[in-house]
Structure formats: C-alpha cells, structure tokens
2 protein chains.
Amino acid sequence: MTGMNSAPQAAAHKPAPLSKQRLRLWLQMLKATRHIESRLRENMRNSYATTLPRFDVLAMLDRVPEGLKMSELSSRLMVSNGNVTGIIDRLVNDGLVVRVPIEGDRRATLVRLTQKGRETFTEMAATHEAWVDELFAPLSNDDIDCAIDMLARLRGKDE
Amino acid sequence: MTGMNSAPQAAAHKPAPLSKQRLRLWLQMLKATRHIESRLRENMRNSYATTLPRFDVLAMLDRVPEGLKMSELSSRLMVSNGNVTGIIDRLVNDGLVVRVPIEGDRRATLVRLTQKGRETFTEMAATHEAWVDELFAPLSNDDIDCAIDMLARLRGKDE
DNA sequence: GTTAAATATTTTATATATGAAACAAATGCG
DNA sequence: CGCATTTGTTTCATATATAAAATATTTAAC
C-alpha cells in the first residue's frame, strides 16, 4: 500500500491527538497523586500510627476553632456523609475531637478539636509540611505558581 | 528591587513561604484530582453501572492481550495485592476477565480479558476519553505539555 | 396545629484500599 | 535429597469510600 491512503492525517476522522494528550495528562496526574499520597500515608502510619483521612479531618477542624458540622466537613473534604461519620467516631474514641450539640437545632452536631486533638495535630502538621516540602522539591517556584493556576482553572475557579 | 533584598524575612527562622506554597500546591492537586475522579466515577456509574477501579483494571489488561499476573496488575495500578484479588473476583463473576493458569508455575495466574470484556472496555474507553477531553478543556495545549513534564519530574522520572 | 417538605445525620450494603499473616509452590543450598 | 528462603496469591482484620435507605428534627403550608 504505497499510495496516498492513510496519509498522515488527511481529512482525518481521528480522535485528534489533543484528546489523547489530555487523557495522558489525566493518567499522569492520577499516578503522581497516588504516589505522593502513598508516601504520605506511609509516613503518617510509621510516625504517628494514624491515617491520611484522619489527618485531613483534624487539619480542617484546626482551621475552624468553633467547630464544623458533619455536613460541612464532608463537603469541604469532598467525601460522603457516611464516611465522615465513621472517621469522626474513631477520632472521638481516641479523644482527639468531640461532638458538641448545637443549641436550637437538635438535628446537627458540631465537631470540635479537643485540647489533645489540637496538640496532636500541631505536631503532626509541622512534620507533614516537611514531607510535602521534600516531595515537591523537584519543582521550581515558577513551576509551582503555574501549576496552582492551572489546577484552579481545571476546577473552574477562574476568578 | 534595590539590591540585596531578601531582607523581607530578616534572619528568619520562618518555614519559608516556599514550603507553604508547596503545601498549597499539594492540597490543590489533591482537590482537583478528587474532583475529576468523582465526576468520572459518577459517569461510570450512570452510564455503565461500573466503577473506576474496575475500569482501570480493564484498561490495563486491554493493553496487554496475553494477560497480566496479579502482581503485575497491582504494581502497575499502584494498589495492593489483596485489593486486586477482590476486583478481579468481581470481574470474573461478570464474565469480563478470566484467570488462566501459567504452565510451569502453579503459584501465579494470568488474568486476561474475555471477548465480552474486550468489547465492553472498547465501548467504555471511547466515552471515557470524551469525558476526560471535556474535563480538561480549560487547559491549553501548552498547559498540558508543561503539566505532563512537571508531573514526570515530580515522580523522579527525569530522563 | 397537623401534615408535608426539607435538612442533618446515621445506618446499611457493598466496593475499595491497606498491611500483615497464611498458604502454596518454586528455588537455592548443603 | 531435604529444607530454608523466596516468590505469588489469597485471606484476614480494619479503615475508607460511596449511594441509598432509615431516622430525627426543623421549617413551611395550609
């Protein structure tokens, strides 16, 4: 078949390489994120005998001293309601957070860090930041700014 | 900027804003990845009544017609051994893959797509690519190339 | 005010996910 | 050969994750 058929792309009904490149980016992004998550998880487990989701919850609560409702936690962390229930149950069990009734609305409860929870988190957070610092060392300052901007656009937060 | 700036932080024992910026990037990356994953999962569920991990396994098997060992699957997908066992069990149950004995090594088994599995995957893959195409539309061609390069460096694949 | 609709959380069923232990089979070594 | 080690997978216990159903309360309609 020497002819002109299959010419490079001709009139082209190909999926356009752009879509392949987007797919490739997505797969790389997934792989990189999983890689970093697994490193952080391993560190969390070895250094503090805890998990990443628990750390994420503590981090969110640390930012809001007055506490958060279950639904606020689940929407901010982008995980389901039922999931948060289980994680909070275990954190309560460990004495790191408490459930506080909301006066005027007996449906909802506020979840708040205990003193122990705040202290525990503070210590973990510094170490966690150092881990991230190291994992992201291969990127330059400009890389980072550029990436943050891209990610924001990806989530439709253009302004 | 006049001369020897760097003054701003003085003698500074501060965590250096760079480390905060890295942390910020990590959190954004996690958030964006989760956002996209949840969109894709929702689509998978609504359109094909299946899950993303199952799709990922099919995708990997589709690339290797002769099949993959359980351990190869788990390392390529970056998930644990035990996890793969469960996912394959269900895919076998649905007739999408088969476990094939390896002659000469009765410890291991090869997992291979069935005809039905290959057909099912082919159809899903095209739709999946379209979903990704749409989700990544906000990024330009240059953005994408730049991001892929960054992600590779992040995973230490410099060459 | 009693019921209907909306809100907030938990429960349930199931699928992912891990790490460790159990098992089975292959390999290496004396 | 006989046995310790290694390799490949599954099993186990547990944690995370979802979606959907069940519960409990509040708010809104009428």
Side-chain angles (χ1 to χ4, degrees), chain A residues 30 33-35 37-58 60 67-94 96-97 99-111, chain B residues 30 33-35 37-58 60 67-94 96-97 99-111:
Chain A
L30 202 51
T33 302
R34 280 188 191 171
H35 175 246
E37 266 194 292
S38 99
R39 297 285 290 271
L40 291 176
R41 174 179 46 246
E42 191 186 345
N43 288 343
M44 274 292 165
R45 212 172 63 83
N46 293 338
S47 300
Y48 297 109
T50 190
T51 65
L52 222 35
R54 290 165 58 117
F55 177 77
D56 291 343
V57 167
L58 295 181
M60 194 55 78
L68 287 168
K69 294 199 291 183
M70 297 296 282
S71 48
E72 289 173 330
L73 266 177
S74 76
S75 77
R76 292 204 196 195
L77 297 172
M78 302 212 295
V79 298
S80 66
N81 262 343
N83 189 6
V84 171
T85 298
I87 295 174
I88 294 299
D89 284 349
R90 286 168 216 116
L91 290 174
V92 167
N93 235 326
D94 293 350
L96 300 180
V97 309
R99 284 187 166 99
V100 183
I102 299 180
E103 70 172 286
D105 191 342
R106 282 181 303 171
R107 292 171 302 183
T109 58
L110 229 45
V111 180
Chain B
L30 202 51
T33 302
R34 281 188 190 170
H35 175 247
E37 265 195 292
S38 98
R39 297 284 289 273
L40 292 176
R41 173 178 46 244
E42 191 187 344
N43 288 344
M44 273 294 162
R45 213 173 64 83
N46 293 339
S47 299
Y48 297 108
T50 189
T51 65
L52 222 35
R54 289 164 58 116
F55 176 78
D56 292 342
V57 167
L58 296 181
M60 194 56 76
L68 286 170
K69 294 198 290 184
M70 297 296 281
S71 48
E72 289 173 331
L73 266 176
S74 76
S75 76
R76 292 205 197 194
L77 297 172
M78 301 213 294
V79 298
S80 66
N81 262 342
N83 188 8
V84 171
T85 298
I87 295 174
I88 294 299
D89 284 349
R90 286 169 215 115
L91 289 174
V92 168
N93 234 325
D94 293 351
L96 301 180
V97 309
R99 284 188 167 97
V100 182
I102 299 180
E103 68 172 287
D105 190 341
R106 283 181 302 171
R107 293 170 302 180
T109 57
L110 230 45
V111 180

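Scope of the values below: all heavy atoms of this structure, side chains included, with no hydrogens, waters or symmetry mates. Throughout, protein chains are lettered first and strands after them, A, B, ... in sequence-line order, and every chain is numbered starting at 1. What you see is a predicted model; the values in this text were computed from it and never measured.
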T51(A) and R45(A), any side-chain heavy atoms less than 4.5 Å apart: no
5' precedence on DNA chain C between L52(B) and S38(A) (nearest-nucleotide basis): L52(B)
How does protein reach along nucleotides 5-15 of chain D, written 5' to 3' as B (base within reach of a heavy atom under 4.0 Å), S (only sugar-phosphate), or - (no contact)? --BSBBB---S
Integer-rounded Å distance: dA15(C) P and I88(B) CD1: 15 Å
In whole angstrom, give the distance that lies between atom CZ of R41(A) and atom C1' of dG19(C). 10 Å
Specify the separation, in whole Å, of atom CD of E42(A) and atom C1' of dA17(C). 15 Å
Which heavy atom of R34(B) sits nearest a heavy atom of L77(A), and at what distance? NH1-O, 3.3 Å
Write down the distance between CG (L77(A)) and P (dT18(D)), rounded to a whole number of angstrom. 10 Å
For N43(B), side-chain contact (heavy atoms from CB on, under 4.5 Å) partners two or more places apart: W131(B)
Round to the nearest Å and state the distance from L30(A) atom CG to dT16(C) atom P. 15 Å
Restricting to non-hydrogen atoms, name the atom on S71(A) and the atom on N81(A) that form the minimum distance, rounded to 0.1 Å. CA-OD1, 4.0 Å
Electrostatic pair R76(B):D56(B) at N-O distance under 4.0 angstrom: no
Below 4.0 Å: OP1/OP2 of dA20(C) and any side-chain N or O of R45(A): yes
Grab the CE-C1' distance between M44(B) and dT16(C) for me, whole Å please. 16 Å
What distance separates M78(A) CE from E37(B) CD, expressed to the nearest 0.5 Å? 9.5 Å
Distance, rounded to the nearest Å, where I87(B) contributes CD1 and dT16(D) contributes P: 18 Å
Would you indicate, yes or no, if dT26(D) has its OP1 or OP2 atom less than 4.0 angstrom from a side-chain nitrogen or oxygen of R106(A)? yes
